[in-house]
Amino acid sequence: MDLGIAGRRALVCAASKGLGRGCAEALAHEGVDVTILARTEADVARAAADIGTAAGRPVRWLACDITTPDGRAAALAACPDPDILVTNAGGPPPGDFREWDRAAWIRALDANMLTPIELIRATIDGMMARRFGRVLNITSSAVKAPIDILGLSNGARSGLTGFVAGIARKVARQGVTINNLLPGNFDTDRLRGTMAGRAKAQGKDVATVEAAMRDAIPVGRFGVPAEFGALCAFLCSAHAGYIVGQNFLIDGGVFPGTF
Ligand code: NAD
């Protein structure tokens, strides 16, 4: 299937590895003019080179912290007027809610709620004027079913989800769609950090926790970034213009609800 987005411009945040990288790879493969960012210059430069080689087209990159105003300004200077925006940043640390003071909450809200909102604010009018836009926010299955040790994530991402539900309906008539991708357990560094946090909280070793988590997934394995990227690319495609304000759970069947 031709996704109909070759030549479109995409800004993919937090994409030197993991889920963001999976999205960047899938979009580059479709002929999209992709710009990726992450904080560490060597890592993001290498990722861009590798993705570009595999896709047979150059991938632009910059090193910045997307959770800061300067980082967002640099990202939008490197990729002005994107047609496709994939928002993403590192997730907040696990822990007990008693440990989190106001500063910890502000950091989580900045990274996982206010940063995507600021990026949407900066790009949405241009998308509407050009009558095509795709915004995908990488959130978490925690929005649908909270994860006990990830309270900062549960809270911040739910705030973003509520905001997006409203705004998505206001921009759709101009050909702009905003949707959220909700990863379950994907085999990335982030998952390994979460497993270590869970092992500590439960007084178990990481291998035991990993086996239990894998066992609880109906497909019997963790997800891989390429399958996350494939869904991202479809939702960014020319065929996805009637999909508005939705939350796509991609979790191997973990969430047990009928809907
Ligand atoms: P990862 O650790 O594999 O990759 C994170 C990427 O983000 C890296 O490229 C890193 O350099 C970059 N990054 C982190 N903070 C940044 C910042 N402030 N500015 C710019 N770049 C930054 O993580 P992942 O598994 O790909 O997770 C991506 C997001 O999805 C995270 O918010 C995570 O909490 C969430 N999530 C992941 C899973 C999972 O199973 N992997 C599940 C639910 C939610």
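Indexing begins at 1, ligand by ligand and atom by atom, following the structure's order. Just so it is clear, the model here is predicted, and its values are computed rather than measured. In what follows, every heavy atom counts, from backbone to side chain, and hydrogens, waters and symmetry copies are set aside.
Counting only heavy atoms of the protein, atom 16 (C) of ligand 1 lies nearest to R39 NE, 3.5 Å. In terms of protein heavy atoms, atom 12 (C) of ligand 1 is closest to A14 CB, 3.5 Å. Looking only at protein heavy atoms, the nearest one to atom 41 (N) of ligand 1 is T188 OG1, 2.9 Å. Distance from atom 26 (O) of ligand 1 to its nearest protein heavy atom, with residue and atom name: L19 N, 2.7 Å. At the shortest separation from atom 40 (O) of ligand 1 among protein heavy atoms lies F186 N, 2.8 Å. If you check which protein heavy atom lies closest to atom 32 (O) of ligand 1, you get A89 O, 2.6 Å. Scanning all protein heavy atoms for the shortest distance to atom 42 (C) of ligand 1 gives G184 O, 2.9 Å. Closest to atom 2 (O) of ligand 1, if we only count protein heavy atoms, is R190 N, 3.6 Å.
Here is the list of ligand 1 atoms found below 4.0 Å of a heavy atom in I138: 30 (O). Of all the atoms in ligand 1, the ones that sit under 4.0 Å from a non-hydrogen atom of D189 are 2 (O), 3 (O). Interface atoms of ligand 1 facing N185, defined by a heavy-atom separation under 4.0 Å, are 40 (O). Near G18, meaning under 4.0 Å from one of its heavy atoms, ligand 1 places the atoms 3 (O), 26 (O). Near T67, the atoms of ligand 1 lying under 4.0 angstrom from a non-hydrogen atom of the residue are 18 (N).
Considering backbone and side-chain N/O atoms, G91 comes within less than 3.5 Å of an N/O atom of ligand 1. Backbone and side-chain nitrogen or oxygen atoms of L37 are examined, and none is located within less than 3.5 angstrom of a nitrogen or oxygen of ligand 1. Polar contact check, S16 against ligand 1: a nitrogen or oxygen pair lies under 3.5 Å apart.
Proximity of C64 to ligand 1, defined as any heavy-atom pair under 4.0 Å, is confined to the backbone N, CA, C and O atoms. Neither the backbone nor the side chain of T194 has any atom closer than 4.0 Å to an atom of ligand 1 (non-hydrogen atoms only).
The shell of residues lying under 4.0 angstrom from ligand 1, judged by heavy atoms, excludes S153. The shell of residues lying under 4.0 angstrom from ligand 1, judged by heavy atoms, includes P183. Not close to ligand 1: T68, with no non-hydrogen atom less than 4.0 angstrom away.
Side-chain atoms of R21 and S16 include no donor-acceptor pair closer than 3.5 Å. T139 and N180 form no side-chain donor-acceptor contact under 3.5 Å, judged by distance and modelled atom types alone. For the residue pair D70/T68, the side-chain donor-acceptor check at 3.5 Å is not satisfied. Judged purely by distance below 3.5 Å, without hydrogens or angles, the side chains of D50 and T53 never pair a donor atom with an acceptor atom.
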Apply ring pair (Phe, Tyr, Trp, His ring centres under 6.0 Å) to the pair F228 and F186, showing each step before the final yes or no. CA-CA 9 Å; F228 191 86; F186 277 79; 5.4 Å; yes

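Checking R57, R60, R8 one by one against D33, the side-chain hydrogen bond (donor to acceptor under 3.5 Å, both in side chains) holds for a single residue, R60. Screening L3, L27, V59 for a side chain to side chain contact (heavy atoms under 4.5 Å, CB included) involving V32 leaves a single residue, L27.
Nearest-heavy-atom check against atom 33 (C) of ligand 1 across R72, R157, K17 picks out R157. With A38, A15, G20 as candidates, the residue nearest to atom 21 (N) of ligand 1 on a non-hydrogen basis is A38.
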